[in-house]
Trainee: 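Below is one structure. I have some questions about it.
One is the number of the first residue; the rest follow in order along the sequence. Whatever order the structure lists them in is the order used to number ligands and atoms, beginning at 1. Just so you know, these numbers use all the heavy atoms, side chains as well, and skip hydrogens, waters and symmetry mates.
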Amino acid sequence: MENKTKRLRIAIQKSGRLGIESVDLLKKSGFTFQKSERTLMAKCQNFPLDILFLRVGDIPNMIKEGVVDLGIIGENTLTEKNYSEVTTVEKLGFGKCTLCLAAPKKSNIKSVADFSGKMIATSYANITRKYLQNLGISCEIVEMSGSHEIAPQLGLADAICDIVSSGATLEANNLLNIEKIFTSQAVLVGKSNAKEILQEKNINDFLMRLHSVLRAKKLKSVIMNVPNRSIEKVSNVLSSMESPTIMPLAKEGWSALHSVIEEDNNFWKTITELKNNGACGILISPIERVLD
Ligand code: PRT
């Protein structure tokens, strides 16, 4: 059932944490569609785009078979499924998590070397096996599709390899996080040559809208009042960012400076420096979209 229509077809998670954020990203990117609990496919009303709602694990195969053109999944799923034809088109910056080896706190497994000869319950057999093989450690994999945390208590396995986000689930099940083996975030995936083969399906327009939202997420718009004598010093603080817009204020000897600042680990340090150099009345607002 290859998708031969001129409409771009994207698959996202039907329900779950990636599904919620994928719908949010598509809506913020300006694609209009209706989704209810039971919707399996939604037709976008203002762009030639169809959105399919599937289980995450089924999405790579749907792309491989050409049923859908693009998908949103975690890097963990992409690497585990390991279809050479399916690759990352764009990192999306949400759904961040790690895949970790963990063992009961009371067991004698305290380091990665202790996993030798042990039974490990996981849905990530390929990633786990490859990681341990690279360290020369052999183990037995017990494949489970969920509830791995309970496997040691039930005597099904000695340890687990599962996704960790806050660590609360491991803690609640008396498991110790021993080794982080893979870090993941949500990615837009498609065939390796997606950008070329999907030109007729408006992939460039689709990606431009997505990029504009992804870029804006990292930025803040900042407007401040500055005495004219301090404009140079304040501009120097902003020197690594966009060149500021300077507008005279009605109040004599003062100007308003507008710039865009990346919301990274240095964000509050930059704001403090602006204040220390004479800026006041600083307004910080979110940005919806950024286009070059
Ligand atoms: O339902 P479906 O078949 O579509 O897939 P699924 O069952 O894998 O869905 P879901 O929603 O659990 O996970 C989808 C994707 O979200 C994963 O493939 C990851 O890429 C990403 N992700 C991000 C997570 C987590 N964070 C996460 N915390 N996936 C699962 N978890 C689970 C984990 O399995 C464990 O049970 O949350 C628990 C641990 O969380 P903490 O916060 O207690 O550490």
Trainee: Show, in sequence, the C-alpha distance, side-chain angles and deciding distance for E200 and K6, and conclude whether the salt bridge (Lys or Arg N to Asp or Glu O under 4.0 Å) test is met.
Mentor: CA-CA 7 Å; E200 273 203 0; K6 287 216 170 163; 3.8 Å; yes
Trainee: Does ligand 1 have a heavy atom under 4.0 Å from the side chain of N76, from its backbone, from both, or from neither?
Mentor: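 Under 4.0 Å from ligand 1, N76 contributes side-chain atoms alone.
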Trainee: If you measure from atom 21 (C) of ligand 1 to every heavy atom of C97, G74, G57, which option wins on shortest distance?
Mentor: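 Residue with the shortest heavy-atom distance to the ligand atom: C97.
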Trainee: Can you check whether L170 has an N/O within less than 3.5 Å of an N/O in ligand 1?
Mentor: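 Between L170 and ligand 1, no N or O pair is found under 3.5 Å apart.
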Trainee: Taking heavy atoms and a distance under 4.0 Å, where does L18 meet ligand 1: side chain, backbone, both or neither?
Mentor: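 Answer for L18: side chain.
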Trainee: For atom 33 (C) of ligand 1, what's the nearest protein heavy atom and its distance?
Mentor: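 For atom 33 (C) of ligand 1, the nearest protein heavy atom comes out as I163 O, 3.4 Å.
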Trainee: Would you say E149 contacts ligand 1, with heavy atoms under 4.0 Å as the rule?
Mentor: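 True for this residue.
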Trainee: Given 3.5 Å as the limit, does a donor-acceptor pair link the side chain of K220 with the main chain of K217, or not?
Mentor: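 A pair under 3.5 Å: no.
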Trainee: Can any side-chain N or O of E80 pair as donor or acceptor with the backbone N or O of A125 at less than 3.5 Å?
Mentor: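 It does hold such a pair.
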Trainee: Could you tell me which atoms of ligand 1, counted from 1 in the order shown, lie closer than 4.0 angstrom to a heavy atom of G95?
Mentor: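 In order of numbering, the contacting atoms are 23 (C).
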Trainee: Side-chain heavy atoms under 4.5 angstrom apart, residues restricted to Ile, Leu, Val, Met, Phe, Trp, Tyr: same cluster for L188 and M208?
Mentor: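 No, L188 does not connect to M208 through the hydrophobic network.
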Trainee: For atom 38 (C) of ligand 1, find the nearest protein heavy atom and state the residue, atom name and distance (0.1 Å precision).
Mentor: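 Going by distance alone, atom 38 (C) of ligand 1 is nearest to T169 OG1, 3.6 Å.
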Trainee: Short question: side chain of N174, backbone of K105 - any donor-acceptor pair under 3.5 Å?
Mentor: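 Not at all, since once roles are kept as given, no pair shorter than 3.5 Å links the two residues.
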Trainee: Does the plane of the ring in F47 sit parallel, tilted or perpendicular to the ring in F31? Use 30° and 60° as the thresholds.
Mentor: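 Plane angle over 60°, so perpendicular.
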Trainee: Answer with side chain, backbone, both or neither: which part of I73 has a heavy atom less than 4.0 angstrom from an atom of ligand 1?
Mentor: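 Within the 4.0 Å criterion, I73 makes no contact with ligand 1.
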Trainee: Which residue from Q13, R17, E75 reaches closest to atom 25 (C) of ligand 1 through any of its heavy atoms?
Mentor: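 Answer by nearest heavy atom: R17.
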Trainee: Would M119 and L175 show up in the same hydrophobic cluster when neighbours are defined by side-chain heavy atoms closer than 4.5 Å?
Mentor: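 Different clusters.
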Trainee: Please check if a non-hydrogen protein atom sits closer than 4.0 Å to atom 11 (O) of ligand 1.
Mentor: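 Answer yes: something from the protein, a heavy atom, is under 4.0 Å.
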Trainee: Distance to the ring centre below 6.0 angstrom and angle to the axis at most 45 degrees; does that hold for K27 and F33?
Mentor: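 Yes, K27 sits over the ring of F33.
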Trainee: Classify the side-chain pair H148/T122 by whether it contains a donor and acceptor separated by less than 3.5 Å.
Mentor: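 Their side chains do not contain a donor-acceptor pair, so the 3.5 Å distance test is not met.
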Trainee: Using a 4.0 Å cut-off to any heavy atom of R55, which atoms of ligand 1 qualify?
Mentor: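 Numbered from 1, ligand 1 contributes 1 (O), 2 (P), 3 (O), 4 (O).
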Trainee: For N228 and S255: C-alpha separation, side-chain torsions, deciding distance, then whether side chain to side chain donor-acceptor pair (under 3.5 Å) applies.
Mentor: CA-CA 6 Å; N228 288 345; S255 295; 2.6 Å; yes
Trainee: So is G167 close enough to ligand 1, meaning a heavy atom under 4.0 angstrom away?
Mentor: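 Yes.
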Trainee: For ligand 1, which atoms sit closer than 4.0 Å to a heavy atom of V164?
Mentor: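 By the 4.0 Å cutoff, the relevant atoms are 44 (O).
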Trainee: For ligand 1, which part of S166 has a heavy atom less than 4.0 Å away: the side chain, the backbone, both, or neither?
Mentor: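 Both of them.
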Trainee: Give the atoms of ligand 1, by number and element, whose distance to some non-hydrogen atom of A168 is under 4.0 Å.
Mentor: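 Those atoms are 43 (O), 44 (O).
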Trainee: Please classify the T77 to ligand 1 contact at 4.0 Å (heavy-atom distances, strictly less than): side chain, backbone, both or neither.
Mentor: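 Looking at T77 and ligand 1, just side chain atoms fall under 4.0 Å.
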Trainee: Do L207 and I12 belong together in a cluster built from hydrophobic side chains that touch within less than 4.5 Å?
Mentor: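 Same cluster: L207 reaches I12 through Ile, Leu, Val, Met, Phe, Trp or Tyr contacts under 4.5 Å.
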